[in-house]
Protein chains: 2
Amino acid sequence: MDKIKTENTETEILIAAKEIFQQKGMAGARMQEIADKAKINKALLHYYYRSKQLLFEAVFKSAFSLLAPQLNKVLNDDSDLFEKIRKFTENYVSFVIKHPYLPNFVIQELNKNPEFVQKLRSEKNFPSIEKFKLQVSDAINQGIIKPIEAEQLFINIISLNIFPFIGEPLLMALVNVDKESYNKILENRKTEVAEFIINSIKI
Amino acid sequence: MDKIKTENTETEILIAAKEIFQQKGMAGARMQEIADKAKINKALLHYYYRSKQLLFEAVFKSAFSLLAPQLNKVLNDDSDLFEKIRKFTENYVSFVIKHPYLPNFVIQELNKNPEFVQKLRSEKNFPSIEKFKLQVSDAINQGIIKPIEAEQLFINIISLNIFPFIGEPLLMALVNVDKESYNKILENRKTEVAEFIINSIKI
DNA sequence: ACATTTGTTAACCAAATGGTTAAACTATAT
DNA sequence: ATATAGTTTAACCATTTGGTTAACAAATGT
């Protein structure tokens with residue numbers, strides 16, 4: 001069948017483009033390099049994706065659609081607040097190991113192109129904080145946690161989990177450890193971070 | 001005097017280069033754009049800084065030399081642990097308002113060029129964690145804080161303070177607020193973050 | 001006054017880069 | 001078998017980009 005071949009190349013391109021874009025960013029990526037990695041002619045890139053910009057947008061959306069469900073684990077999961085924090089923290093490390101450049105890529109390109117957010121917001125599955133807000137105020141009313149704004153708590157959870165990966169080269173240097181030791185630190189964070197957060201808010 | 005004119009242009013270039021590099025990164029920056037911003041001929045850039053790479057390195061080192069003292073406020077300040085956390089958190093927001101693109105720039109380029117760390121490490125004033133480690137284990141021994149690895153605590157402090165700026169576009173979208181409201185959230189973090197951390201570790 | 005060094009510019013260059021074209025190849029349908 | 005539609009490539013093109021050159025201007029020393 002024709003379809004198979006087409007879908008293969010199209011996917012090969014996307015896979016190659018992901019790698020290059022996520023490592024080098026929009027500005028640093030080269031169409032030729034993507035073509036080489038996908039083992040095809042450069043013209044084929046344009047055949048399937050018209051322009052660098054469109055190829056980039058395909059990669060970006062695909063990347064975000066992987067990240068979004070992760071964030072939804074904090075925002076829209078049904079489980080109990082503490083359990084949710086524990087699960088997210090543990091899952092997130094595994095997620096980043098699978099996609100090491102992804103979170104940094106999304107955040108970086110969003111910084112260079114803040115209007116990109118609009119394009120994401122309109123898509124379905126864009127995480128919403130509303131449910132989490134209710135959950136936090138419920139927990140406060142029930143005397144389970146100390147008063148805290150849901151937004152602040154959310155930012156804290158995300159920061160503690162994402163930054164150690166984004167800031168890895170800097171943190172490795174500051175903490176003065178090699179990659180192996182740093183990985184152990186990250187591994188420990190799977191449980192440490194959740195307890196750190198819960199310790200802070202529980203009554 | 002000649003010196004004055006020279007130093008002016010050289011500084012003008014550095015200022016212009018900072019702005020462009022910090023906003024667009026090494027790959028996205030254009031020598032012509034830097035020249036335009038500095039209101040000089042492109043050839044002058046090369047007269048003073050030979051190549052894009054060298055100009056970039058000058059900007060990068062200069063940026064890091066601004067960031068380093070901030071980090072040293074956590075690591076090598078003499079004050080009491082809790083006080084130190086409070087002061088750093090409060091100061092850091094003001095610092096980033098002055099240099100909005102700086103932390104992101106440093107972290108980003110470090111990610112794309114991890115071997116760059118070596119160049120920084122050798123320079124004087126490179127922050128060291130040793131003193132902080134002692135301070136944390138002292139506080140633990142004195143029963144002031146719960147047991148925690150200094151490295152983990154340090155990563156937590158840095159993450160909670162830096163990430164809200166680096167992830168601003170993403171967090172703004174997730175928390176679903178406009179720039180004005182987000183700034184209020186950041187303003188509140190000046191005190192919120194320190195209390196969040198201290199709450200978590202104090203006995 | 002004038003030679004010399006330093007600063008600055010316009011014009012230029014070669015390489016890189018995103019993108020196009022026209023032709024060739026492959027598979028599918030009739 | 002052959003026309004047709006989709007896929008892939010080599011060669012090409014225009015523009016951008018980092019960098020250079022040679023000449024000019026301004027300051028400095030003697």
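Chain letters run A, B, ... following the sequence lines, proteins first and then strands; every chain starts at 1. Heavy-atom basis, side chains included; hydrogens, waters and symmetry copies ignored.
- The side chain of K42(A) approaches dG19(C) more closely than any other nucleotide in the set dG19(C), dT8(D), dA10(D).
- Side-chain contact of Q32(A) with D36(A): a donor-acceptor pair under 3.5 Å is present, judged by distance alone.
- In this structure, Y47(A) does not reach the dG19(C) phosphate: none of its side-chain N or O atoms is under 4.0 Å from OP1 or OP2.
- Open room surrounds CD on E180(A); 12 or fewer heavy atoms of other groups in view lie less than 6.0 Å from it.
- OP1 or OP2 of dG7(C) has not a single side-chain nitrogen or oxygen of T9(B) nearer than 4.0 Å.
- Under 4.0 angstrom from either OP1 or OP2 of dG18(D) there lies at least one side-chain N or O belonging to R30(B).
- Relative to the six-membered ring of F64(B), K61(B) misses at least one condition, a distance below 6.0 Å or an angle of at most 45° to the axis.
- Distances were taken from every side-chain heavy atom of H46(A) (C-beta onward) to each of dG19(D), dT9(D), dG18(C); the shortest belongs to dG18(C).
- Rounding to whole angstrom units, CG of residue N41(A) and C1' of dC12(D) are separated by 12 Å.
- In this structure, F88(A) has its ring center closer than 6.0 angstrom to the ring center of Y92(A).
- Checking dG19(C), dT9(D), dG19(D) against every side-chain atom of L44(A), the shortest atom distance belongs to dT9(D).
- Each of S51(A) and A43(B) was assigned the nucleotide of DNA chain C with the nearest heavy atom; the assignment lying further toward the 5' end belongs to A43(B).
- The CG atom of L45(A) sits 14 Å away from the P atom of dA10(D) (whole-angstrom rounding).
- Taking atom NZ on K39(B) and atom C1' on dT9(C), their separation rounds to 17 Å, with Å as the unit.
- Contacts of A35(B) with the nucleic acid, taken as non-hydrogen atoms under 4.0 Å apart, are absent.
- When the nucleotides dT8(C), dT9(C), dG19(D) are ranked by their closest atom to the side chain of I40(B), dT9(C) comes out on top.
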